[in-house]
Amino acid sequence: MIGRPDGNEAAAKLAPIASPPLPAPADKLPTAKLKLPAGFNVEVYASGIANTRSLRVGDKGTVFVGTRFGNKVTAIVKKDGKTEIKTVAEGLYRPNGLALHKGTLYIAELSQVSKIENIEDVLDKPPKPTVIYTDLPKDEAHGWKFIAVGPDGKLYVPVGQPGNNVLHSPAHGQIRRINLDGTGAEVIAKGVRNTVGFDWNPVNKQLYFSDNGRDWLSEDSPQDELNRVTKVGEHFGEPYCHQGNMLDPEFGWGRSCREFTPPIALTGPHSAGLGLRFYTGTMFPKKYKNAIFLARRGSWNRTNKFGGDVVAIFLNKDGTVKSIEPFITGFIENNNYIGRPVDVELMADGSLLVSDDFNGAIYRVTYGKARVAGR
Amino acid sequence: MRGIASAVLLLCALDRPLLADTFAERVAPCLACHGEKGYSEHPAVPSLGGQPAPYLLIQLYLFRENQRSSLYRRDDQMIQVMTEMTKGFSDDDLRTFSDFLARLPPPPTPPTPPDAPELARMQSGRALITQHRCNSCHNLDLSGRENVPRISNQREDFLAKTLREYRDNIRHGYDGVMASVLAPVSDAEIADLAYYIARFR
């Protein structure tokens with residue numbers, strides 16, 4: 001609670017902002033207000049799906065959507081110019097995390113992971129998900145998950161720190177990987193506060209993950225992090241050291257930031273960098289090849305909103321960060337959100353999907369004349 | 001006394017008309033339990049008066065989706081009473097009900113005498129509010145706003161139960177904020193917080 005102001009009007013501006021539980025009507029979506037670099041277009045891909053969070057695209061083009069507040073995993077199927085929205089699993093608890101691997105859909109709820117095999121063949125009558133992993137804490141704080149299958153064929157599952165800033169147990173504050181049958185859990189990154197997005201660099205195969213910095217320390221720091229795992233079991237500092245160079249006023253005593261792996265980039269105070277993907281498509285201009293798209297959901301613990309956009313992160317040959325540029329902006333209007341990007345995902349044609357949990361919508365970004373309105 | 005109260009609770013929870021047509025008929029069971037004047041007289045049933053509409057909408061949504069628990073004993077069975085009550089509600093129903101309930105007046109502030117509060121517990125509760133910065137989200141007068149509920153003059157038993165459930169990761173909020181805030185708070189402190197907030201002036 002250090003640094004947190006007493007209750008007053010100023011403090012009220014620093015309180016969490018809730019996304020509406022019900023999706024916005026299609027004619028109220030902010031696409032016309034969004035700004036992208038020259039030559040890019042953005043359109044609504046799907047709307048009317050409550051609290052759209054993690055995105056995955058199947059081999060046959062089905063788009064799968066996870067959610068933090070509802071109980072369903074949704075599939076979007078586009079066929080003959082029509083959009084069908086199907087429920088592939090329901091009665092779940094915080095099914096935020098999704099992964100796809102060899103036709104199998106993996107679903108991460110708050111404290112368990114399950115799967116549905118050959119998901120795109122059973123969209124109309126999917127079987128109940130089969131639970132494969134339950135060795136997870138049940139904490140609500142930072143309990144929702146982002147998951148992905150790595151190039152090693154293992155499923156990566158994060159366990160957030162169970163609170164804003166707490167000296168957590170060794171079972172928290174980490175990314176672990178498990179075999180696809182739920183066996184062989186191994187911690188591969190420690191000192192992780194809350195990552196809600198990661199992907200592997202297609203060049204060096206290293207894992208890059210976003211991590212959200214603590215709140216209630218100050219408006220401008222610490223910043224959120226982009227990290228890279230270069231060896232199994234690395235410690236990234238939380239809750240002792242933030243942003244690679246700032247010791248925590250409560251837990252940093254007697255520690256040094258040199259004990260921990262620093263981030264490879266700082267991505268802004270309270271900016272909530274969540275979903276990220278390396279761009280491996282061919283539709284966008286060459287400079288975006290192997291760049292990272294990062295969705296920043298935007299700040300709450302800050303008087304002037306920060307983030308609420310998608311940025312492009314360009315890397316050097318050695319995998320370090322060269323520069324960060326805005327990619328989609330316009331989600332903040334008069335210091336209020338009109339949308340909040342959560343995850344990004346590539347389609348087979350190289351276009352980029354962006355989920356917006358504030359409006360319950362998914363947008364599609366294309367380049368050049370590739371725009372296919374209304375599809 | 002407790003037996004009578006449970007019986008009333010049981011009746012009010014069962015009273016959903018099967019063939020309700022008008023809005024007045026549909027909202028009657030809500031008011032029967034939660035109180036038509038904005039305050040509840042039933043143990044562990046929250047007062048809804050003065051709650052912000054966005055907060056009510058979120059709760060109704062979570063109940064409909066079976067994401068927030070509302071376990072009650074009916075006959076020999078435990079049921080998710082609010083999930084049952086909101087079954088079949090459309091998105092528009094959720095909006096209509098939350099807008100209507102948001103217009104109920106806030107629960108009245110309890111008079112000082114004859115219910116003179118214990119000074120020590122009131123002081124302890126006030127100190128805990130400051131320590132945990134409850135009033136930076138719930139407002140200085142604990143009246144709530146937007147997605148944050150009014151807590152002032154809420155039922156003490158409901159407050160204590162809810163605070164315990166948040167701490168123990170049983171009450172599922174919209175996000176993990178309340179679980180995070182309450183993680184270090186003891187049972188005794190929760191009792192004092194509920195005591196103070198229920199008597200807030």
Side-chain angles (χ1 to χ4, degrees), chain A residues 1-25 48 50-51 67-72 90-96 109-111 137-144 160-168 194 214-216 300-301 336 357 360, chain B residues 52-69 83 89-95 98 126 129-149 165-185:
Chain A
M1 299 300 168
I2 289 171
R4 192 170 174 176
D6 283 337
N8 56 35
E9 287 307 309
K13 292 182 200 140
L14 305 172
I17 302 145
S19 294
L22 304 176
N51 195 241
T67 180
R68 187 152 68 118
F69 302 140
N71 63 41
K72 299 179 180 68
E90 58 190 327
L92 307 175
Y93 186 61
R94 295 203 195 282
N96 189 81
E109 296 175 74
L110 183 96
S111 62
K138 291 189 163 56
D139 303 278
E140 283 288 311
H142 301 153
W144 55 91
Q161 174 178 291
N164 171 39
N165 196 51
V166 286
L167 207 53
H168 52 76
N194 183 34
R214 66 162 292 188
D215 297 307
W216 301 114
W300 55 266
N301 194 217
N336 286 311
D357 70 345
Chain B
Y55 170 76
L56 292 168
L57 180 63
I58 289 167
Q59 302 312 310
L60 287 172
Y61 175 82
L62 293 175
F63 284 131
R64 185 186 70 178
E65 302 293 308
N66 201 16
Q67 302 290 289
R68 176 178 163 189
S69 178
T83 298
F89 271 39
S90 67
D91 287 359
D92 279 338
D93 286 336
L94 299 183
R95 290 189 190 97
S98 50
R126 192 180 304 124
I129 291 271
T130 310
Q131 183 189 341
H132 297 287
R133 310 299 197 261
C134 309
N135 49 12
S136 59
C137 293
H138 290 274
N139 283 357
L140 282 183
D141 61 359
L142 308 184
S143 60
R145 62 196 164 83
E146 297 290 317
N147 55 305
V148 182
E165 289 178 348
Y166 271 127
R167 183 196 58 193
D168 300 338
N169 294 304
I170 295 167
R171 166 75 187 266
H172 301 148
Y174 214 32
D175 51 32
V177 168
M178 285 298 292
S180 175
V181 170
L182 281 157
V185 182

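First the proteins, then the strands, lettered A, B, ... as listed; each starts at 1.
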Against chain A, work out which of [options] has the most heavy-atom pairs shorter than 4.5 Å and name it.
{"options": "B/M178, B/R95, B/E146", "result": "B/R95"}
{"options": "B/L94, B/L57, B/V177, B/I129", "result": "B/L57"}
{"options": "B/I58, B/D168, B/N66, B/V148", "result": "B/I58"}

query: Between B/Q67 and A/L92, is there a donor-acceptor pair closer than 3.5 Å when you use the side chain of the first and the backbone of the second?
result: yes
query: Does B/S180 use its side chain to pair, donor to acceptor, with the backbone of A/A141 at less than 3.5 Å?
result: no
message: For chain B, which candidate among A/R68, A/R94, A/E90 shows the most heavy-atom pairs at distances under 4.5 Å?
response: A/R94
Contact part of [X] toward chain A, heavy-atom cut-off under 4.5 Å: side chain, backbone, both or neither?
{"X": "B/L60", "value": "neither"}
{"X": "B/L62", "value": "side chain"}
{"X": "B/H172", "value": "both"}

- prompt: How far apart are the closest heavy atoms of A/G70 and B/Y61, and which atoms are they?
  reply: CA-OH, 3.7 Å
query: Closest heavy-atom contact between B/R64 and A/L22?
result: NH2-CD2, 4.4 Å
Stepwise side chain to side chain contact (heavy atoms under 4.5 Å, CB included) test for A/K72 and B/E65: CA-CA 9 Å; A/K72 299 179 180 68; B/E65 302 293 308; 3.4 Å; yes
